[in-house]
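Down below is the structure, laid out as structure tokens.
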Amino acid sequence: MFKKILVANRGEIALRVINTCRDMGVKTVAVYSDADKKAMHVLAADEAVYLGPSEPSQSYLHMDKIIDAAKTTGAEAIHPGYGFLAENSEFVEKCEQQSVVFIGPPAKVIKDLGDKITSRKIMVNSGVPVTPGLTSTEADADVMIVEAEKVGYPVLIKATAGGGGKGIRIVNSSEEMADACSAASREAVNAFGNGEIYLEKFFTKARHIEFQVLADKFGNTIHLLERECSVQRRHQKIIEETPSSVLTPALREEMGKAAVTAARASGYVNAGTVEFLLDENNNFYFLEVNTRLQVEHPVTEMITGVDLVRLQLEIAYGQELTISQEDIAGRGHSIECRIYAEDPENDFFPSPGTITFLKEPTGPGIRNDCGVYSGFEVPVDYDPILSKLIVHAQTREHAINKMIKALKSYIVLGVKTPIDFLIDVLQSEPFVQGEVFTDFIETHFSDWKPDMSDADLARIAFVVDEMCSNRKAKRVASAEDAIPTPWQTLGNWRQGG
Amino acid sequence: MFKKILVANRGEIALRVINTCRDMGVKTVAVYSDADKKAMHVLAADEAVYLGPSEPSQSYLHMDKIIDAAKTTGAEAIHPGYGFLAENSEFVEKCEQQSVVFIGPPAKVIKDLGDKITSRKIMVNSGVPVTPGLTSTEADADVMIVEAEKVGYPVLIKATAGGGGKGIRIVNSSEEMADACSAASREAVNAFGNGEIYLEKFFTKARHIEFQVLADKFGNTIHLLERECSVQRRHQKIIEETPSSVLTPALREEMGKAAVTAARASGYVNAGTVEFLLDENNNFYFLEVNTRLQVEHPVTEMITGVDLVRLQLEIAYGQELTISQEDIAGRGHSIECRIYAEDPENDFFPSPGTITFLKEPTGPGIRNDCGVYSGFEVPVDYDPILSKLIVHAQTREHAINKMIKALKSYIVLGVKTPIDFLIDVLQSEPFVQGEVFTDFIETHFSDWKPDMSDADLARIAFVVDEMCSNRKAKRVASAEDAIPTPWQTLGNWRQGG
Amino acid sequence: MEYRLKINEETLPVEVENDEEEKFTAVIGKNAFDVSYTTVNDHCIHLSVNGQGVNVYVSDQGDGKIIAIKGKSYFVQDADLLEQNKTRKKGPGSDLTEVTPPMPAVVIAVAVGEGDVVEKGQAVVIVSAMKMETTLVAPFNGTVQKVNVAEGDKVMPGDILVDIEKNEPEEEILS
Amino acid sequence: MEYRLKINEETLPVEVENDEEEKFTAVIGKNAFDVSYTTVNDHCIHLSVNGQGVNVYVSDQGDGKIIAIKGKSYFVQDADLLEQNKTRKKGPGSDLTEVTPPMPAVVIAVAVGEGDVVEKGQAVVIVSAMKMETTLVAPFNGTVQKVNVAEGDKVMPGDILVDIEKNEPEEEILS
């Protein structure tokens with residue numbers, strides 16, 4: 001196995017990777033920017049290399065600096081986590097040139113699957129169902145109209161180089177087509193330097209269901225069951241679970257086979273995720289392949305009992321998979337909630353700042369992959385994820401109750417989080433019934449306001465805290481041995497005052 | 001299900017029970033003594049009832065006060081945890097008289113199995129192998145000698161009412177018999193008010209292997225696989241694991257069946273543990289039944305995926321078991337380490353005091369059932385257990401490495417703990433090889449001393465802390481807004497100074 | 001002892017009676033609560049209110065306290081203190097023309113220069129926090145007096161990024 | 001700057017050189033260590049020593065610091081300070097006749113009374129902590145002057161439970 005690897009990421013996912021490395025006896029090198037000098041991944045790694053200013057382009061996206069850091073410290077491989085350079089085929093090529101192992105798929109696979117038309121073609125050729133629509137780019141709005149009538153409105157006009165919701169338009173009738181095409185194309189040019197667009201059917205009532213796949217360098221490819229990720233805000237997942245409450249064993253087997261076929265057809269190696277849409281009639285359609293570890297990978301680990309990061313390292317090192325498809329069986333039910341620094345009352349607006357107090361939930365069946373600590377200043381420069389909270393229980397009902405309990409005991413002071421929002425979602429009738437589609441939050445929670453039922457208790461707590469503060473002050477005044485006093489708390493007071 | 005139950009215990013096991021109740025939506029009532037006013041189980045429960053002075057006889061062992069607390073708060077049932085009143089048949093009878101459900105076996109079962117001769121007779125009659133020896137008491141040393149020659153020396157002379165290692169003598173030859181019998185009998189009179197003794201074969205090289213059993217009120221009785229608990233200090237388990245590295249599938253099935261037979265034969269209801277000795281030739285012998293939840297129950301939960309406390313409540317409420325023997329399968333490997341407030345360098349002497357800082361290990365596959373927190377004063381009055389740390393991984397090797405990693409990141413300052421000792425045990429060759437017998441610690445670690453290899457680092461840390469303290473002091477002197485200062489830290493400084 | 005405590009827009013009086021060692025009665029509106037408490041650490045207090053136990057977590061933010069209870073957060077302010085501060089801070093020259101970010105952020109683009117005439121709602125600065133961009137607009141018609149930031153600057157809520165002089169007569173503000 | 005730091009029985013000099021902002025070189029014996037550090041909170045410091053990162057946890061106990069590193073605990077004392085304190089505390093009348101518990105404990109039984117003559121090794125008090133009993137014995141032949149505790153009392157290390165006057169001539173102690 002590798003003696004030492006570099007983790008080219010930050011926050012909870014860097015910690016997640018370091019955690020498994022520590023289990024395996026693999027030494028770790030962290031990298032960090034100005035904003036992250038005291039970040040938890042820096043504190044947790046065996047070594048840490050400073051990259052530069054906080055701007056991602058000067059630090060976590062700076063390919064040469066990162067590869068240099070690996071060479072300097074003698075790290076044999078780089079784990080990219082998710083985001084940043086995880087799906088950048090140029091970076092993978094640079095790693096290959098510099099003889100540093102990239103823990104992920106080969107550059108060509110990332111490139112092929114990153115292009116929507118290429119990936120749709122691969123799937124069509126290998127018999128994996130794709131969303132109805134074009135498998136080539138199209139510049140003529142009239143041709144688009146013909147295709148739209150074939151698949152039926154509404155349709156999506158999408159940039160082939162797309163991502164992050166940019167270069168996308170929903171079209172409900174032929175009259176809107178010409179304008180939508182030129183708008184989408186223009187946006188795509190601005191965002192990706194490539195204005196090519198194509199057309200897909202748009203499903204108004206669909207579930208997002210994805211399959212975890214694993215492939216080694218010896219042609220062994222397996223899937224590790226599904227994850228249902230339909231609860232999304234701003235097109236970003238916020239609650240994920242497995243198993244899905246709508247998959248029958250037969251449908252699960254069929255979709256799993258399609259996922260393995262998709263991986264094989266693209267020459268996949270290492271861990272990846274094949275995303276599908278499932279419509280109301282239980283027809284499934286290939287959406288895309290995420291060529292990296294997903295934020296939601298822990299729910300799969302909980303029910304299958306495997307460590308995906310360990311398997312990523314083993315595959316990258318050139319080992320053959322030690323598990324086969326028959327070894328994979330789900331046990332119990334697992335749910336993940338993403339804890340972001342954001343304000344659910346205000347359109348999930350980011351909420352950076354200093355975490356004045358943090359208390360993580362603990363207990364049997366509770367896992368919190370956390371990247372922050374009390375006193376840490378959450379920087380404005382990066383993704384607002386603080387942690388992912390995962391529970392595992394025997395049934396979906398038990399898992400929901402365990403998650404609600406865990407959220408109620410998760411204390412994050414100083415930045416806003418969606419903890420109270422998530423509790424309300426998990427307690428809501430449609431979620432409990434499993435009636436979960438990608439429009440779930442718009443449909444049921446668009447005008448959500450926090451419940452104020454414990455306002456009296458909050459007022460009483462205020463009074464008690466005032467009483468304690470007075471007592472604290474008195475004690476300080478009378479205590480001669482008050483020195484030294486913790487600078488941490490001092491810092492908070494200053495910042496608050 | 002019960003609406004509300006009372007937890008007649010303290011520390012980590014009270015927390016463990018409250019945790020599952022919270023999952024299930026069952027309200028909890030804690031009870032506490034003077035020493036435990038700020039104990040974590042009091043902070044975690046929905047209600048708390050004060051019992052009295054710290055002495056156990058005036059609080060946690062005071063049956064009437066506890067039953068009164070249940071009646072006053074409207075708790076329908078009492079969970080006894082382990083220790084205190086958990087195996088007290090008189091308490092169970094009192095609960096029955098007062099129409100409070102006792103979450104555990106019926107009084108008669110506890111009484112029968114608590115008496116060594118009665119329980120040996122039950123097992124012999126139902127065909128469960130017991131350690132060779134007598135199944136009745138014997139007052140005549142000459143008869144003992146005849147029996148000893150039948151089973152072969154060495155033998156044990158044991159008090160029938162025994163427990164806690166009292167009233168026991170090892171006898172190596174007939175010359176020692178008379179003295180040993182009178183000594184054991186005398187000690188038994190003093191300790192239990194009953195001088196009756198009997199004889200058993202003594203196994204010098206044996207493993208302690210126990211099976212978790214569950215039985216409902218409808219005659220369904222199953223086992224949940226084994227736990228190996230051979231690593232003991234002062235006759236108390238300190239490391240437990242499952243599966244055992246020496247059990248073949250055939251032997252596991254045979255012992256599991258014997259455990260179920262033992263439970264059935266004694267009319268068992270609720271969760272219990274059948275303990276066996278396994279000798280070097282893989283012959284197993286019934287030792288005793290523990291008629292309660294065991295400290296080491298979590299390793300079983302980790303590999304089987306069930307919540308034993310939930311099942312205890314369901315059984316006590318009168319529900320039928322929803323799992324059958326066929327549903328029980330072990331997955332992966334789990335190890336538990338007990339974290340006591342004790343000094344491994346000084347014969348595991350208790351080490352009460354104030355916990356000045358606590359940092360629990362976290363991460364995938366790590367569970368810490370903890371009953372203390374930073375700032376808590378560990379009382380001198382009770383068992384020194386602080387927490388039980390459990391890991392779960394795919395293989396024994398992975399689990400050992402994960403446990404070592406978890407222990408290295410477990411910080412308990414202010415009281416002594418066996419954390420460094422446990423790390424050395426887990427890293428030792430005989431443990432890694434699974435060569436673990438009940439004399440493990442005496443054989444391999446009797447003259448253990450902590451490793452001092454990071455003494456230079458410790459000296460550097462001292463210097464850095466001095467530098468920071470000076471800076472802290474300066475800051476306080478210059479900061480006008482230093483008030484209020486945390487009284488918690490202040491308290492620690494006073495105590496330390 | 002009486003407090004007037006504000007949560008969101010609702011200010012209620014809280015009367016404290018029979019204040020003993022770690023015990024008192026709180027009267028809020030028509031409801032009386034028997035309270036006892038234990039301090040666990042700087043940020044955690046265990047309350048028993050009418051016999052029901054609950055752990056509350058407190059972070060003092062200076063202008064109020066964040067109180068977290070069972071997964072929900074409340075921002076509680078002392079209404080009396082708020083009024084004092086308002087009186088103190090208010091007065092002539094108080095700035096009603098702020099272009100300030102809603103969160104700590106980084107300036108991505110500055111769309112105006114000094115002397116530019118801007119209309120109400122016109123984009124003046126774009127900031128970004130945690131990969132989310134926000135456009136800050138002119139609060140009224142006016143003229144840019146000064147641009148206080150440049151691309152790449154880190155800015156905080158309350159920082160005035162651009163000074164804009166209102167085109168309406170100044171008397172209106174003072175009156 | 002030089003410290004003399006004691007762990008167990010070993011006292012070593014630690015020389016601090018090139019002390020800059022959160023960086024210095026420590027020389028211990030023949031070995032030099034490049035140290036940089038970050039304070040994480042009151043009890044946790046992140047050290048980088050010759051490029052290798054490690055988190056150390058510190059609890060100041062007054063007479064020394066407990067330092068936890070990778071699951072191991074070290075009790076580190078300032079040898080210079082220890083000597084000062086020793087000089088201050090020592091002197092004639094220093095008590096060598098202590099019957100004191102090894103840990104915080106509860107008195108289970110007192111086996112002697114005032115005026116009793118005791119032999120070295122004879123049980124005088126039995127204490128219990130956390131379900132473990134310990135018998136405290138007379139440190140030498142002597143006479144019990146005073147019994148300071150009763151059954152049920154809570155006692156701490158350093159508390160003198162029983163005063164015993166040694167039977168040997170007093171000159172021996174003073175010489």
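Sequence lines set the chain letters: A, B, ... in the order given, protein chains first and strands last, and positions in each chain run from 1.
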Nearest-0.5 Å distance that lies between atom [atom1] in [X] and atom [atom2] in [Y]:
X       : Y       : atom1 : atom2 : result
D465(A) : S59(C)  : CG    : OG    : 9.5 Å
D456(A) : N31(C)  : CG    : CG    : 6.0 Å
T356(A) : D60(C)  : OG1   : CG    : 9.5 Å
K70(C)  : D454(A) : NZ    : CG    : 5.0 Å
C44(C)  : L413(A) : SG    : CG    : 10.0 Å

Chain A contact via [X] - side chain, backbone, both or neither, heavy atoms under 4.5 Å:
X       : answer
M156(C) : neither
A105(C) : backbone
I7(C)   : both
L47(C)  : side chain
V56(C)  : side chain
D78(C)  : both
V58(C)  : both

Answer whether the closest heavy-atom distance between the side chains of [X] and [Y] falls below 4.5 Å.
X       : Y       : answer
P379(A) : K154(C) : no
V463(A) : L5(C)   : yes
F349(A) : T134(C) : yes
E466(A) : K65(C)  : yes
C468(A) : Y37(C)  : yes
R459(A) : Y3(C)   : no

By salt bridge (Lys or Arg N to Asp or Glu O under 4.0 Å) - contacts of D153(C) (at least two apart):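 With sequence neighbours excluded, D153(C) shows a salt bridge (Lys or Arg N to Asp or Glu O under 4.0 Å) to no residue whatsoever.
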Compare every heavy atom of [Y] with every heavy atom of [X], then report the nearest pair and how far apart it is.
X       : Y       : value
I460(A) : A26(C)  : CG1-CB, 4.1 Å
Y74(C)  : D451(A) : OH-O, 3.8 Å
I66(C)  : G414(A) : CD1-N, 4.0 Å

Report which part of [X] has an atom under 4.5 Å of a heavy atom belonging to chain C: side chain, backbone, both, or neither.
X       : value
P450(A) : neither
S351(A) : backbone
D343(A) : neither
K359(A) : side chain
Y382(A) : backbone

Interface residues of residues 415-422 of chain A facing chain C - heavy atom cut-off under 4.5 Å: I419(A), D420(A)
Proximal to chain A - members of residues 116-130 of chain C, heavy-atom separation under 4.5 Å: A129(C), M130(C)
Between A461(A), S54(A), S409(A), the one whose heavy-atom pairs under 4.5 Å with chain C are most numerous: A461(A)
Largest heavy-atom contact set with chain C, pairs under 4.5 Å, which of V412(A), D383(A), V378(A), I385(A):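 Counting heavy-atom pairs under 4.5 Å, the top option is D383(A).
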More than 12 heavy atoms of other groups within 6.0 Å of E17(C) CD: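 Yes.
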Residues in ring-ring contact (aromatic ring centres under 6.0 Å, His included) contact with Y32(A), at least two apart in sequence or another chain: Y50(A)
Aromatic ring pairing F357(A)/Y57(C), orientation class (parallel under 30°, perpendicular over 60°, tilted between):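 Taking Y57(C) first and then F357(A), their aromatic rings lie parallel (interplane angle under 30°).
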Steps toward side-chain contact (heavy atoms from CB on, under 4.5 Å) verdict (L457(A), I67(C)): CA-CA 9 Å; L457(A) 267 185; I67(C) 313 256; over 6 Å; no
F24(C)/M467(A) under side-chain contact (heavy atoms from CB on, under 4.5 Å): CA gap, chis, key distance, verdict: CA-CA 11 Å; F24(C) 61 91; M467(A) 291 173 170; 3.7 Å; yes
Residue pair K72(C) / S453(A), side-chain donor-acceptor N/O under 3.5 Å: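 Side chains of K72(C) and S453(A): pair found under 3.5 Å.
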